[in-house]
Amino acid sequence: GSHTLAALAADERGASRQPYDSLEVLAVVHNLGAVTKAMGHGAEAEAWYTCAVAGRAMALGSAHVQTLVSRCNRAILLAEMAGTMHRGEEAEAEYREVLRLLPQARAQAQAQAARAAHDVPDLRAAAQED
């Protein structure tokens, strides 16, 4: 009906159709994909996941782990819909793209972890200096 979650989301975004750009909101959008999927609303779930993928790709990059999680969940949904909506090829293409980007995502995550470790003061060295 007119009160579907997808309709509410379209109303909330307004006429500008700007993608969500807050990481917290994008996490909610992704989770709404999971909720609507669990409720059996595949088309709505696909819309939420597609929105999460687009927003996360813009905010974080196409090879960021969070973007790939949304893409993978969208691919799972498409695979599940394959029998009734002939979406199997699209699901497979999405899986292949996630797998192609995975090494880049892994490298980004490792670099981020190394930067974070570098930014943390070495408490053992500080304790030995006292």
Where [X] and [Y] come nearest, the two heavy atoms and their spacing:
X: A105; Y: A63; result: CB-O, 2.8 Å
X: A79; Y: A91; result: N-CB, 3.5 Å
X: V29; Y: A52; result: CG1-N, 3.8 Å
X: V98; Y: C72; result: CG2-N, 4.1 Å
X: L23; Y: A59; result: CD2-CB, 3.9 Å
X: T67; Y: A57; result: OG1-N, 3.6 Å

Between [X] and [Y], is there a shared hydrophobic cluster once you connect ILVMFWY residues whose side-chain heavy atoms come closer than 4.5 Å?
X: W48; Y: V69; result: no
X: M81; Y: Y49; result: yes
X: L26; Y: L32; result: yes
X: L60; Y: V28; result: yes

Output all residues satisfying side chain to side chain donor-acceptor pair (under 3.5 Å) with [X], sequence neighbours left out; order by chain, then residue number.
X: S22; value: E24
X: E97; value: R100
X: E94; value: R71
X: R74; value: E46, T50, E90

| message | Which residues pass the salt bridge (charged side-chain N to carboxylate O under 4.0 Å, His left out) test with R115, not counting sequence neighbours? | response |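 Scan of R115 (salt bridge (charged side-chain N to carboxylate O under 4.0 Å, His left out), adjacent residues dropped) gives none.
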| Does a salt bridge link K37 with E80, judged by any charged N lying under 4.0 Å from a carboxylate O? |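 Looking at K37 and E80, the cut-off is met.
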| query | So do R56 and H30 actually touch side chain to side chain, heavy atoms under 4.5 Å? | reply |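 Result yes, sub-4.5 Å side-chain heavy-atom pair found.
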| task | Using atom types as modelled and distance alone, determine if a side-chain donor or acceptor of R87 lies under 3.5 Å from a backbone N or O of L78. | result |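 A pair under 3.5 Å: no.
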| request: If you link ILVMFWY side chains whenever their heavy atoms are less than 4.5 Å apart, which other residues fall into the same cluster as I76? By chain and number, please. | output: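 Members other than I76 - counting any ILVMFWY side chain reachable under 4.5 Å - are Y95.
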